[in-house]
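Reading through the structure tokens given below for one structure.
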Amino acid sequence: TYAAYGYMKSKEDKHKIVVDEETAPVVKMIFEWKAQGLGYASIGRKLYDMGIMPPCRYRYDKGILKDKRYSDIVFWSQRTLKTILENEVYIGNMVQGRRKSRFFDGMNEIRVDKQNWSVVKHTHEPIISQELFDKVQKQLAQTRERYFENLGKYDKVSNKENIFKTKVACGDCGTPLTRYKNAGKENKKKIFYSYICPRHALYPNQCNFLSISEKDLKEIVMSSIKMQMSYLSDMEIMFLNIAGSKEVKKKQADLTRAISDSLANISYIRTSRIRIASDLAKGLICDEEFNTIKNEFDKQLRAETEKLDGIRKKRDKFDKIISAPKWISELKKYHDSKILTKDMVEAFIEKIIIYPDKRIEIMWTYSDNQSELMSLIRGGEEIA
């Protein structure tokens, strides 16, 4: 759909790529800096300080990408830099088949082993030399070896499930937090985890969030869930006291009756339209009278149909609230839990926002149901 960063589609032949004089120098700098031993964070910061936009933002600014979510991206990610540094396209080779998917049978996109890639050499003008590319690949290979060597030291240490995966975000910059594995200084077999902000790690001046230990986060969340369960128990008692009340039953009856009345009105209007069409055919009314009356009936029908939709939405909402004991009971089953689990986090929490001062904001999965139930308890004016 578009050329690799550093290239552009040829204006003469869209099946060929040519060097983009605007971005090719950036690619050269990235390779040269990596060859000098700079890490991804250092390279990303240098590009940011120079005001150079990452590929997705560059393509958005050029009109190649239309999605507005790319309009605010200014930071270079490690993944973007790694993709550039490993791509043979920059030495003039065309590489295809690095990923595959089968949309017709729902197969997700997966990576293909390098030995199974399709590589055609010397298809276009290179941006960097083979020598520079090989030097960088050697460095990347050494880095991978060191990583897996260090990782192997902890093979016998159990990896705990990340129960907050996709749930935690930085309150300063909004970036999803990453769980970081740490080994004790004295006892290497003692593993502990903390959550860090990738934005802060790459651009310290752009985000003030440092880290929070998983242990502290679990304690805070568990305590908050216990408080929520106590609150929901009180709410359930209040709800049960009014669920069978005359007021609630009256609201249900009123909504059911309103739907019946609206359906009757719609039926009457449709019958009336048929009747005037018959009168026109019999010559009892003229075309002008027919059109005037028909337009009025059409107007009434649209208004009554919209009214019916509104009433049905209110009744559906009311019925959903009346079923509150079901979702409250689902949450109450964790009442005696002593340890926070992934299931509990999924059941209770939509998102956790953690601020640099360790202040935590929790967005609950049932917050809408909760507010609607309280509205019903207080009288239900907003609901029905």
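As the structure is a computational prediction, the values presented were derived from the model and not from experiment.
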Nearest heavy-atom pair of Tyr70 and Arg57: which atoms, and what distance? O-CD, 3.3 Å

Taking only Lys NZ, Arg NE, NH1 and NH2, and the carboxylate oxygens of Asp or Glu, determine whether Lys135 and Glu131 approach each other closer than 4.0 Å. no

For a quick test of your reading: what N or O donor-acceptor pairs under 3.5 Å do the side chains of residues 264-274 make, sequence neighbours left out?
unit_1 : atom_1 : unit_2 : atom_2 : d
Asn265 : ND2    : Asp261 : O      : 3.4
Thr271 : OG1    : Ser267 : O      : 2.8
Ser272 : OG     : Tyr268 : O      : 2.9
Arg273 : NH1    : Asp298 : OD1    : 2.7

What's the spacing between Cys170 SG and Ile196 CD1 if we round to 0.5 Å? 11.0 Å

For residues 337-356, which side-chain donor-acceptor pairs fall under 3.5 Å, sequence neighbours excluded?
unit_1 : atom_1 : unit_2 : atom_2 : d
Ser337 : OG     : Tyr334 : O      : 3.1
Thr341 : OG1    : Met344 : N      : 3.3
Tyr355 : OH     : Glu361 : OE1    : 3.0

Taking every heavy atom of Leu81 against every heavy atom of Tyr40, the minimum-distance pair comes out as CD1-O, 3.4 Å

Classify the ring geometry between Tyr58 and Tyr5 as parallel (under 30°), tilted (30 to 60°) or perpendicular (over 60°). perpendicular

Say whether, by atom type as modelled, one donor and one acceptor occur between the side chain of Trp33 and the main chain of Ser42 under 3.5 angstrom. no

Side-chain ion pair, Asp49 and Lys46, N-O less than 4.0 Å: no

Give me the atom names and distance for the closest heavy-atom approach of Ala24 to Gly6. CB-O, 3.9 Å

For a quick test of reading the model, state the closest non-hydrogen atom pair linking Leu132 to Phe31 and the distance between them. CD2-CB, 3.8 Å

Between SG of Cys207 and CZ of Phe75, what distance do you get to the nearest 0.5 Å? 9.0 Å

Under 3.5 Å donor-acceptor, His124 side chain and Val19 backbone: no

Looking at Ala303, is its backbone amide N or carbonyl O close enough to the side chain of Glu306 to form a donor-acceptor pair, meaning the two atoms are under 3.5 Å apart? no

Ignoring hydrogens, what is the shortest heavy-atom contact between Lys181 and Tyr193? Give both atom names and the distance. CG-CE2, 3.7 Å

Main-chain N/O of Asn208 paired to Asp172 side chain as donor or acceptor, under 3.5 Å: yes

Tell me if a side-chain donor or acceptor on Gln139 pairs with a main-chain N or O of Ala35 at a distance below 3.5 Å. yes

Would you call Glu32 and Lys28 a salt bridge, taking side-chain N to carboxylate O under 4.0 Å as the test? no

Between Asp336 and Lys226, what is the shortest heavy-atom contact and its length? C-NZ, 4.3 Å

Going by atom types only, do Asp13 and Ser10 share a side-chain donor-acceptor pair under 3.5 Å? no

Given the ring of Tyr60, does Lys68 sit roughly above its face, with NZ or CZ under 6.0 Å from the centre of the six-membered ring and within 45° of the axis? no

Output the distance between atom CD1 (Ile225) and atom CD1 (Ile220), rounded to the nearest 0.5 Å. 12.5 Å

Taking the side chain from Ser262 and the backbone from Ala258, do they hold a donor-acceptor pair closer than 3.5 Å? no

